[in-house]
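Notes follow once the structure below has been shown.
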Amino acid sequence: MIAQRKILTDEMIAQIETLASRYPTRQAVTLPALHMVHAALRQVPLEAVVEIAEVLGLAPAEVQDTLSFYQFFHQDKPHGEVRAFVCRSISCALRGGDELLEHLCHKNGVKPYGTTADGALTIEPAECLGACDFAPCILANDDLLTNMTPEAAEAELKKPRGRAT
Amino acid sequence: MPAFKPVLLEAVGVPNGHLLASYKSRGGYAPLERVLAEKQPVDVVDMVKASGLRGRGGAGFSTGLKWTFLPKDHPGPIYLCVNADESEPGTFNNRILMEDDPHQVIEGIILSSFATRACTAYIYLRYEYPRSWHRLQAAIDEAYAAGYLGKNIRGTGFSLDIYLHRGAAAYICGEETGLIESLEGKRAWPRIKPPFPAIEGLFRKPTVVNNIETMACVAQIARRGVEWFKSIGVPADPNNPRDPGSYGPKLYCLSGHVEKPGCYEAPLGITARQLIDEFGGGVWKGRKAKAVIPGGISMGLMTESELDTPLDFAGPGKVGCLGLGTAAVVVIDDQTSIVDVLHNSCRFFAHESCGQCTPCREGTSWSLRMLERIKAGKGRLKDLDLLAEIGSTMGMMPGSTICGLADGAAWPIKNAINKFRSEFEDHIKRTNPTGWMVTEPVPALQIVEAH
């Protein structure tokens with residue numbers, strides 16, 4: 001038992017228990033629990049992994065094993081307030097997706113997967129966002145930015161946005 | 001061809017078309033009420049089998065037949081997993097269905113669960129679709145409130161819960177056993193089959209995995225009948241006893257170098273040329289097509305001269321492609337380098353290979369490194385033979401991997417090199433005039449990031 005939890009709030013624990021009733025095993029709540037923490041903190045630090053494992057009755061290594069499979073979760077440092085997935089798969093690439101990514105990284109002074117010094121923006125290359133009818137596109141938190149030009153995207157990513165759910 | 005009216009996409013453009021009231025006003029849920037009042041599960045299985053519906057997720061396996069693989073008289077629980085991890089590059093028809101007509105999908109799920117005696121359906125939704133997530137959850141809540149979900153639905157004794165489960169941006173979760181592993185909270189490593197999911201699937205119980213568009217088709221078959229469904233598409237080839245035909249409407253995703261990209265509903269068997277010209281407004285900027293991806297990038301490439309191939313389940317295979325796949329048609333114009341296209345494809349698969357099987361993990365990453373080198377002007381003609389060798393040795397078909405991801409990675413390589421070899425040779429000779437003939441091993445270029 002952990003004497004005191006530092007990351008998971010009582011609300012999160014209650015939510016995890018609600019979710020647990022939907023599955024015959026508690027391990028199935030691993031991804032939902034990781035999403036929950038990630039949405040709140042923009043990262044899933046190791047302490048959270050230990051706490052999730054404890055709540056789900058798993059070894060921390062089992063949770064970390066799952067977490068590390070999905071490149072999705074930031075662990076050591078939170079991603080920016082806006083997390084921009086810039087699509088680079090074929091339909092977007094044919095309409096300038098790679099150039100869009102390069103422009104945004106250059107203008108914001110970051111490498112792909114990097115976060116700006118002020119913590120406002122993380123730019124990540126993404127594989128197909130499933131919005132090829134609007135190529136090239138970007139998923140910025142929960143907002144789909146469609147038919148982007150480099151200039152329009154630069155301006156869009158300066159705007160504040162709601163949190164990613 | 002008689003005028004074809006969209007059915008699966010009926011709600012697109014209808015104000016509030018995603019709400020329950022709108023869906024019911026279009027005739028929705030009445031078929032479900034009828035089935036629950038009058039039919040047995042086996043009747044629904046027989047109906048779907050008789051319709052000839054083939055899975056819309058990519059493999060094109062008969063949906064009704066898949067359901068019959070479940071063990072008879074199993075004490076349960078039986079699970080239905082609905083695959084909404086639509087990640088094949090170029091594909092977005094599931095997104096349109098979930099956002100614009102979620103109740104059509106849900107009615108299909110309820111009917112399919114009734115048929116298979118599933119008590120719980122999990123919709124595995126990719127992370128990248130937050131709008132679908134909210135729309136689906138709202139629609140599920142409406143369906144519970146209306147008594148279409150929950151315990152003892154309409155007094156029949158049939159109970160069903162639908163839960164949304166969100167992925168975390170990994171292509172491999174679209175593979176049915178990868179999806180199951182991911183849903184169980186583990187890394188999404190596909191399982192060795194057999195046992196197939198119908199025997200031992202989610203939580204080691206009998207499980208059916210079906211695609212979102214397949215669910216929408218089930219709802220429409222229940223509403224409009226088997227005869228209606230079979231009147232659309234391409235009948236089975238009488239000279240081929242193993243061809244089950246390609247029946248029904250299909251959502252084609254048209255993107256890339258066309259004037260009007262979009263999701264268009266057409267009878268199975270429309271040609272790529274018809275799609276591009278009649279729906280897509282032609283190749284953009286008045287150009288010509290150089291190549292077209294027939295059904296998502298893993299299906300390979302068709303050349304301009306192959307564009308009259310019917311896009312049914314059997315068509316693309318006749319011109320050397322892997323199949324119809326997800327019917328995501330991506331148009332590549334004549335100003336585009338096929339080297340760049342193949343590089344993009346190799347980068348995708350190197351990134352998305354789950355790493356479980358060595359031929360795929362190494363094959364995808366080395367093919368990317370070779371394409372990086374060719375693109376950078378350090379290619380050699382020998383690389384084309386090496387790439388072709390990788391293409392023909394990794395995958396389920398050569399028997400070297402657990403799942404089909406590697407076949408999907410191999411097909412664009414094989415097609416590109418077979419069908420566009422002279423362009424690769426010209427590129428290599430032009431950009432590497434002093435080294436194109438070298439056959440000794442050369443080091444890979446350093447790639448900034450591959451995984």
Side-chain angles (χ1 to χ4, degrees), chain A residues 19 21-36 38-39 52 56 58 62-63 65-73 85 87-95 97-98 111-113 124-135 137 139 141-144 147 162 164-165, chain B residues 77 86-92 94-96 120 122 126-131 133-134 161 163 165-171 173 182-189 203 205 253-257 260-263 293 297 328 330-333 336 340-341 344-345 347-348 351-352 354 448-449 451:
Chain A
L19 289 171
S21 68
R22 299 178 171 186
Y23 308 90
T25 69
R26 292 178 74 81
Q27 185 170 20
V29 189
T30 303
L31 259 191
L34 290 171
H35 274 306
M36 202 183 289
H38 199 260
I52 290 171
L56 297 181
L58 301 168
E62 290 176 284
V63 176
D65 183 54
T66 300
L67 176 148
S68 61
F69 180 79
Y70 305 94
Q71 207 183 14
F72 176 85
F73 299 103
F85 290 104
C87 183
R88 64 176 187 183
S89 287
I90 189 71
S91 300
C92 283
L94 289 169
R95 286 172 168 258
D98 283 321
K111 288 183 174 163
Y113 300 104
E124 301 188 26
E127 299 301 351
C128 191
L129 295 173
C132 321
D133 39 350
F134 302 120
C137 59
L139 183 68
N141 292 356
D142 276 2
D143 301 331
L144 183 67
N147 299 311
T165 50
Chain B
E86 177 172 71
S87 312
E88 178 68 30
T91 314
F92 49 93
N94 288 357
R95 188 196 90 231
I96 308 265
T120 311
Y122 297 101
R126 67 186 310 223
Y127 173 81
E128 292 88 336
Y129 286 174
R131 195 174 152 89
W133 168 269
H134 296 299
D161 288 305
Y163 299 124
H165 190 97
R166 209 166 188 188
Y171 174 71
C173 295
S182 176
L183 224 164
E184 289 183 358
K186 304 168 193 161
R187 48 180 50 222
W189 275 0
F203 306 118
K205 298 295 180 192
C253 309
L254 187 58
S255 69
H257 293 152
K260 289 187 288 178
C263 179
I293 294 168
I297 201 162
V330 184
V331 180
I332 296 154
D333 74 16
T336 307
D340 288 348
V341 171
N344 186 281
S345 171
R347 184 175 65 185
F348 174 79
H351 186 262
E352 296 300 337
C354 80
V448 180
E449 57 87 20
H451 287 279

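Each chain gets a letter, A, B and so on, in the order its sequence line appears, and its residues count up from 1. All values reported here derive from a predicted model rather than from experimental measurement.
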Toward chain A, the part of [X] with a non-hydrogen atom under 4.5 Å:
{"X": "B:Ala188", "answer": "both"}
{"X": "B:Asp161", "answer": "neither"}
{"X": "B:Cys354", "answer": "both"}
{"X": "B:Glu86", "answer": "neither"}
{"X": "B:Ile297", "answer": "side chain"}
{"X": "B:Tyr122", "answer": "side chain"}

Less than 4.5 Å apart, side chain to side chain, heavy atoms only: is that true for [X] and [Y]?
{"X": "B:Pro261", "Y": "A:Arg95", "answer": "yes"}
{"X": "B:Phe92", "Y": "A:Cys128", "answer": "no"}
{"X": "B:Tyr163", "Y": "A:Leu19", "answer": "no"}
{"X": "A:Leu31", "Y": "B:Ser182", "answer": "yes"}
{"X": "B:Ser255", "Y": "A:Leu94", "answer": "no"}
{"X": "B:His165", "Y": "A:Pro32", "answer": "yes"}
{"X": "B:Arg166", "Y": "A:Thr165", "answer": "yes"}

Find the distance between CG (A:Asp98) and CZ (B:Arg347) and round it off to the nearest 0.5 Å. 4.5 Å

State the CG-CZ distance between A:Asp133 and B:Arg95, to the nearest 0.5 angstrom. 4.5 Å

Does this structure show an ion pair linking A:Asp65 with B:Arg187, if we count only N-O contacts that are shorter than 4.0 Å? yes

May I ask you to name which of [options] has the most heavy-atom pairs under 4.5 Å with chain A?
{"options": "B:Gly256, B:Ser345, B:Ser87, B:Ala169", "value": "B:Gly256"}
{"options": "B:Trp189, B:Tyr127, B:Trp133", "value": "B:Tyr127"}
{"options": "B:His134, B:Lys260, B:Arg126, B:Lys205", "value": "B:Arg126"}

Applying ring-ring contact (aromatic ring centres under 6.0 Å, His included) to A:Phe134 and not counting sequence neighbours gives none

Given heavy-atom pairs under 4.5 angstrom as the criterion, report whether the side chain, backbone, both or neither of [X] touches chain B.
{"X": "A:Asp143", "answer": "neither"}
{"X": "A:Ala131", "answer": "both"}
{"X": "A:Ile90", "answer": "both"}

Heavy-atom closest pair, residues [X] and [Y]:
{"X": "A:Tyr70", "Y": "B:Ala170", "answer": "CD2-CB, 3.9 Å"}
{"X": "A:Ser89", "Y": "B:Asn344", "answer": "C-OD1, 3.7 Å"}
{"X": "B:Phe348", "Y": "A:Glu127", "answer": "CD1-OE1, 3.3 Å"}

Using the side chain to side chain donor-acceptor pair (under 3.5 Å) criterion, which residues pair with B:Asp333? Sequence neighbours excluded. B:His257, B:Trp284, B:Arg287, B:Thr336

Among A:Thr66, A:Thr30, A:Leu139, A:Val63, which residue has the highest count of heavy-atom pairs closer than 4.5 Å to chain B? A:Thr66

Would you confirm whether A:His35, through its side chain, and B:Gly167, through its main-chain N or O, come within 3.5 Å as a donor-acceptor pair? yes

What orientation do B:Phe203 and A:Tyr23 show, parallel under 30°, tilted 30 to 60°, or perpendicular over 60°? perpendicular

